[in-house]
Amino acid sequence: MSRIATYDTTGGPEVLHLTDVPDVEPGAGEVAIRVRAVGLNPFDAKVRSGFIPMEAPFPRRIGSDLAGTVDAVGRGAVYADGTPVSVGDEVMGRAAGAVAERVVTRPDGLCRRPEALPVEVAASLNVPGLTAVSCLVTVPVTAADTVLVGGAAGAVGIIAAQLVRDAGARAIGTAAERNHDLLRSVGVEPVIYGDGLVDRVRALGEITAVIDCHGRDALDAGIALGVPVERMVAIAAYGAEAELGVHNAERAARTPANLAQLADRAASGDLVLPIAATFPLDEVRQAFATMEGPHAAGKIVIVP
Ligand SMILES: NC(=O)c1ccc[n+]([C@@H]2O[C@H](COP(=O)([O-])OP(=O)(O)OC[C@H]3O[C@@H](n4cnc5c(N)ncnc54)[C@H](OP(=O)(O)O)[C@@H]3O)[C@@H](O)[C@H]2O)c1
């Protein structure tokens with residue numbers, strides 16, 4: 001038997017509870033993973049709360065991003081690159097219902113975890129990392145660019161800002177003041193969000209592209225600063241993209257191959273994704289409540 005987190009109705013973290021389920025064998029093309037760490041994402045909470053409506057029946061499982069060890073392999077189960085999965089493989093990536101001790105999934109959203117990458121970071125890279133990559137595929141940047149990254153201390157934002165930096169561009173990121181040293185430490189120039197943002201950014205130089213990883217403030221600033229709409233992309237603007245004529249981040253770049261590249265960079269220290277706190281599975285409600293409230297920069301991770 002293994003424990004999984006489920007919920008029977010939409011609501012706050014208090015609707016979550018743990019359930020014992022039998023350990024089923026993976027079917028053809030599937031693998032079973034002993035979960036070592038789960039990175040929580042705002043999306044998980046938005047679906048659980050009903051903010052993002054879903055048709056899926058109750059009880060529902062929760063979570064999408066994990067790192068773990070393969071403990072059973074169904075017939076013909078292969079990674080996205082066609083190589084076979086083996087028992088004992090250390091893996092990371094996407095698996096529906098990841099908040100659990102064990103999950104059964106198709107391995108098409110998984111890649112191998114580099115040995116040097118801690119499981120907590122590996123479990124946290126999938127959604128934030130691939131969303132950040134998607135932003136830069138949607139609005140490519142070069143060394144000629146100065147890019148405003150909205151919400152640069154968030155999980156998506158801090159990766160997007162580092163990818164901007166790696167492209168040779170100048171990265172300016174909005175964040176609360178307490179996160180400015182963190183941004184400087186990864187080569188990103190911080191600026192406080194909120195009233196007066198346009199003037200503060202204008203004082204730093206001419207912006208040529210915007211990646212908004214929080215809402216629409218950076219998009220609005222970009223418009224006010226004369227950035228062309230085709231040089232702006234958003235991930236959490238909830239309708240403002242269409243209103244303003246800016247891009248949504250495309251989805252085609254969300255591949256295990258791109259995840260593996262991010263993992264290698266994180267393992268070598270070239271890419272930083274801080275971990276704010278870890279929680280045992282027993283404390284799944286506290287873990288979500290922490291992620292959904294104000295907390296130190298970085299990911300909230302469950303270690304079952
Ligand atoms: N469309 C997609 O595919 C997609 C994918 C992933 C995530 N998302 C969405 O993108 C958003 C960010 O996700 P995440 O995982 O990066 O979340 P996260 O790690 O919780 O980061 C959110 C960040 O927002 C910042 N923030 C708060 N108020 C702000 C403001 N007024 N202006 C600028 N930044 C502000 C906070 O920074 P401070 O601590 O500095 O205040 C916080 O670090 C969420 O809404 C999520 O649902 C969308």
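Just follow the structure's listing: the first ligand is 1, and inside any ligand the first atom is 1. These numbers come from a predicted model, not from an experiment.
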From CA spacing to verdict: side-chain hydrogen bond (donor to acceptor under 3.5 Å, both in side chains), Ser134, Arg254: CA-CA 7 Å; Ser134 297; Arg254 301 178 194 215; 3.2 Å; yes

Proximal atoms of ligand 1 relative to Asp217 (non-hydrogen, under 4.0 Å): 31 (N)

For Ala153, atoms of ligand 1 separated by under 4.0 Å from a heavy atom: 40 (O), 43 (O)

Closest protein heavy atom (residue, atom, distance) for atom 3 (O) of ligand 1: Arg254 NH1, 3.0 Å

For His247, side-chain contact (heavy atoms from CB on, under 4.5 Å) partners two or more places apart: Thr138, Val139, Glu230, Val233

Closest approach of any protein heavy atom to atom 20 (O) of ligand 1, naming residue and atom: Pro42 CG, 4.0 Å

Atom 26 (N) of ligand 1: nearest protein contact (heavy atom, Å): His214 CD2, 3.3 Å

Distance from atom 33 (C) of ligand 1 to nearest protein heavy atom, with residue and atom: Tyr193 CD2, 3.2 Å

Contact check, side chains of Glu243 and Arg216, non-hydrogen atoms, under 4.5 Å: yes

Proximity to ligand 1 by part of Lys299, non-hydrogen separation under 4.0 Å: neither

Heavy-atom neighbours of Asp20 CG exceed 12 at 6.0 Å: yes

Side-chain heavy-atom pair Asp220, Asp212 within 4.5 angstrom cut-off: no

Tyr238 and Phe51 aromatic ring geometry - parallel, tilted or perpendicular at 30°/60° bounds: perpendicular

Close-contact set for ligand 1 against Gly151 heavy atoms, below 4.0 Å: 33 (C), 34 (N)

Any N/O pair Gly150/ligand 1 closer than 3.5 Å: no

Glu189 and Arg170 ion-paired at < 4.0 Å: yes

For atom 42 (C) of ligand 1, the protein heavy atom that lies nearest, with its residue and separation: Gly154 CA, 4.1 Å

Heavy atom of His295, distance to ligand 1 below 4.0 Å: no

Numbering as shown, the atoms of ligand 1 that approach Thr174 to under 4.0 Å (heavy-atom distance): 33 (C)

Distance (rounded to the nearest 0.5 Å) between Asp195 CG and Asp217 CG: 9.5 Å

Partner residues of Phe43 under the ring-ring contact (aromatic ring centres under 6.0 Å, His included) criterion, sequence neighbours left out: none

Test item: protein heavy atom less than 4.0 Å from atom 29 (C) of ligand 1: yes

Within reach of ligand 1, part of Ile235 (heavy-atom separation under 4.0 Å): both

Ligand 1 contact on Arg178 by region, counting heavy-atom pairs under 4.0 Å: side chain

Exercise: identify the closest heavy-atom pair between Val127 and Thr131: O-OG1, 2.6 Å

Among Ile158, Leu130, Val156, closest by any non-hydrogen atom to atom 16 (O) of ligand 1: Val156

Side-chain heavy atoms of Asn41 within contact of Pro128, under 4.5 Å: yes

CD (Glu206) with more than 12 external heavy atoms under 6.0 Å: no

Region of Asn179 that comes within reach of ligand 1 [heavy atoms, distance under 4.0 Å]: side chain

Closest approach of any protein heavy atom to atom 5 (C) of ligand 1, naming residue and atom: Thr131 OG1, 3.2 Å

Under-4.0 Å heavy-atom contact with ligand 1, by part of Ser134 that carries it: neither

Protein heavy atom at shortest distance from atom 19 (O) of ligand 1: Ala155 N, 2.9 Å

Enclosure of Glu177 CD (heavy-atom neighbours >12, cutoff 6.0 Å): no

Proximal atoms of ligand 1 relative to Ala175 (non-hydrogen, under 4.0 Å): 40 (O)

Pro128, any N or O under 3.5 Å of ligand 1 N or O: no

Proximity flag Cys213 to ligand 1, non-hydrogen atoms under 4.0 Å: yes

Nearest non-hydrogen partners of Gly29 and Pro107, listed with the distance: O-CD, 3.1 Å

Nearest-neighbour protein heavy atom for atom 47 (O) of ligand 1, which is reported as residue plus atom name and distance: Lys46 NZ, 2.8 Å

Closest non-hydrogen atom pair between Pro256 and Leu110, with its separation: CB-O, 3.5 Å

Ala236 and ligand 1 - part of the residue with a heavy-atom distance under 4.0 Å: side chain

